[in-house]
Amino acid sequence: QLQLVESGGGLVQPGGSLRLNCIASGFKLDYYAIGWFRQAPGKEREGVACITSSGSDTLLADSVKDRFTIFRDNAKNAVLQMSRLKPEDTAVYYCAAGPPRPTVQGMCVDFVENDYVYWGQGTQVTVSS
C-alpha cells in the first residue's frame with residue numbers, strides 16, 4: 001500500500017518545539033518533491049514549507065521563516081522542524097509528495113493540490129498554554 005504518514009504532532013506551549021515526520025510506505029520518498037501544508041479550523045489549507053527531491057531548493061512561508069526548517073532525513077522521511085511555536089501555528093499539518101522538479105517555485109505557497117500525487121492524513125499541532 002502506497003501512503004504517507006505524518007507523525008510528531010501534539011500539544012506544546014508557546015515558544016516550544018516540535019518535529020514532524022513524513023514517512024513513506026511502499027515507495028521511496030527521495031524521488032519526490034515534498035511539501036508541508038497546514039489547515040486551521042475555518043481556514044483554507046496553506047503551504048508552509050517545500051523541498052525538492054534533491055534537497056537543493058527549499059522554501060518557507062513568510063509566517064514561519066526563521067522558525068521552521070524542512071529537510072530530508074533519509075530516503076523515506078521528510079522532516080518539518082518547528083521551533084518558537086506560536087498559537088497561530090495551531091492547525092492540522094499535512095505532508096504531500098509531488099513529481100520531481102528543479103525548484104519549489106509554484107509548488108509551495110501557491111500550490112495546487114492536484115500537483116501532488118500522495119497526501120498524508122494529517123497530524124494535529126496545538127500551541128497553547
Side-chain angles (χ1 to χ4, degrees):
Q1 188 176 3
L2 307 178
Q3 62 179 354
L4 288 176
V5 179
E6 302 94 340
S7 66
L11 173 64
V12 64
Q13 292 187 341
S17 299
L18 282 175
R19 168 176 163 141
L20 301 185
N21 298 294
C22 176
I23 306 291
S25 176
F27 65 99
K28 292 187 69 176
L29 199 59
D30 58 356
Y31 173 78
Y32 295 88
I34 299 298
W36 279 98
F37 305 87
R38 66 185 181 186
Q39 188 165 18
K43 294 188 177 181
E44 292 188 353
R45 191 170 296 187
E46 63 174 347
V48 176
C50 296
I51 186 168
T52 53
S53 55
S54 68
S56 62
D57 193 24
T58 62
L59 187 147
L60 295 166
D62 288 343
S63 59
V64 304
K65 205 169 288 185
D66 299 326
R67 299 189 298 121
F68 291 12
T69 304
I70 183 172
F71 62 93
R72 294 181 174 275
D73 193 18
N74 54 50
K76 291 204 167 219
N77 185 17
V79 176
L80 183 66
Q81 181 67 50
M82 307 186 295
S83 60
R84 290 184 282 143
L85 283 159
K86 304 176 181 180
E88 51 263 44
D89 294 319
T90 295
V92 177
Y93 283 71
Y94 301 88
C95 69
R101 57 175 74 190
T103 173
V104 296
Q105 297 300 321
M107 66 170 282
C108 206
V109 175
D110 50 350
F111 75 102
V112 176
E113 285 202 26
N114 288 342
D115 284 346
Y116 287 87
V117 179
Y118 301 105
W119 284 85
Q121 292 300 306
T123 185
Q124 176 70 46
V125 171
T126 303
V127 185
S128 174
S129 55

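Values reported hereafter were calculated over all heavy atoms of this structure, with side chains retained and with hydrogens, waters and symmetry mates removed. This structure is a prediction, so every number in the text was calculated from the model and none was measured.
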Shortest non-hydrogen pair, Ser129 vs Pro14, comes out as N-CD, 3.7 Å

**Request:** Please say whether more than 12 non-hydrogen atoms of neighbouring residues, nucleotides or ligands are located less than 6.0 Å from NZ in Lys43.
**Result:** no

Sorted by chain and residue number, the side chain to side chain contact (heavy atoms under 4.5 Å, CB included) partners of Gln13 (sequence neighbours excluded) come out as none

Closest heavy-atom pair, Ala49 versus Leu60, reported as atoms and distance to 0.1 Å, is CB-CD2, 3.3 Å

Original post:
Does the side chain of Phe37 come within less than 4.5 Å of Tyr116's, by heavy atoms?
Top reply: yes

Output for pair (Gln81 CD, Leu18 CG), nearest 0.5 Å, gives 8.5 Å

**Message:** Can you confirm whether the side chains of Thr52 and Asp57 place a donor and an acceptor under 3.5 Å from each other?
**Reply:** no

Here the pair of heavy atoms bringing Leu2 nearest to Tyr118 is CD1-OH, 3.3 Å

Would Asp89 and Lys86 count as a salt bridge (charged side-chain N to carboxylate O under 4.0 Å, His left out) if you check the C-alpha gap in whole Å, the side-chain angles of each, and the deciding distance to 0.1 Å? CA-CA 5 Å; Asp89 294 319; Lys86 304 176 181 180; over 6 Å; no

>> Membership question, hydrophobic clusters at under 4.5 Å side-chain separation (ILVMFWY): are Val117 and Ile51 in the same one?
In response: yes

Would you please classify the geometry between the Trp119 ring and the Tyr94 ring as parallel, tilted or perpendicular, with 30° and 60° separating the classes?
-> perpendicular

Q) Do the non-hydrogen side-chain atoms of Val64 and Arg38 ever get within less than 4.5 Å of each other? A) yes

In terms of heavy-atom contacts, Gly122 and Val92 come closest through CA-CG1, 3.8 Å

Worked verdict on Ser128 versus Leu11 for side-chain contact (heavy atoms from CB on, under 4.5 Å)
CA-CA 7 Å; Ser128 174; Leu11 173 64; 4.2 Å; yes

In this structure, OG of Ser7 is separated from OH of Tyr93 (nearest 0.5 Å) by 15.0 Å

- [ ] State, with a plain yes or no, whether a side-chain heavy atom of Phe111 is found less than 4.5 Å away from one of Val104.
- [x] no

Correct closest heavy-atom pair for Ile34 and Ala78 would be CG2-CB, 3.8 Å

For Phe71, the other hydrophobic cluster members (4.5 Å side-chain criterion, sorted by chain and number) are Val79

Check your understanding: Are more than 12 heavy atoms from other residues, nucleotides or ligands located less than 6.0 Å from atom CD of Gln121?
Key -> no

- Item | Arg19 side chain to Gly8 backbone, donor-acceptor under 3.5 Å | no

* Decide yes or no on side-chain contact (heavy atoms from CB on, under 4.5 Å) for Asp115 and Met107, but give the supporting numbers first. => CA-CA 8 Å; Asp115 284 346; Met107 66 170 282; 5.8 Å; no

| message | Is there a path of hydrophobic side-chain contacts, each under 4.5 Å between heavy atoms of I/L/V/M/F/W/Y residues, joining Leu59 to Leu20? | response | no

Mark yes when over 12 heavy atoms from residues, nucleotides or ligands other than Asn114 sit less than 6.0 Å from its CG; otherwise mark no. no

Would a single hydrophobic cluster contain both Ile23 and Val48, if residues Ile, Leu, Val, Met, Phe, Trp and Tyr are joined by side-chain heavy-atom contacts under 4.5 Å?
no

- Query: Quick one: are Leu29 and Leu4 in side-chain contact, heavy atoms under 4.5 Å?
  - Reply: yes

Residues passing the side chain to side chain contact (heavy atoms under 4.5 Å, CB included) test with Lys76, sequence neighbours excluded, are Asn74

_Whether Glu6 side chain and Cys95 backbone form a donor-acceptor pair below 3.5 Å_ = yes

Between Trp36 and Cys22 the two heavy atoms that sit nearest each other are CZ2-CB, 3.5 Å

Any side-chain heavy-atom pair from Thr90 and Gln124 closer than 4.5 angstrom? yes

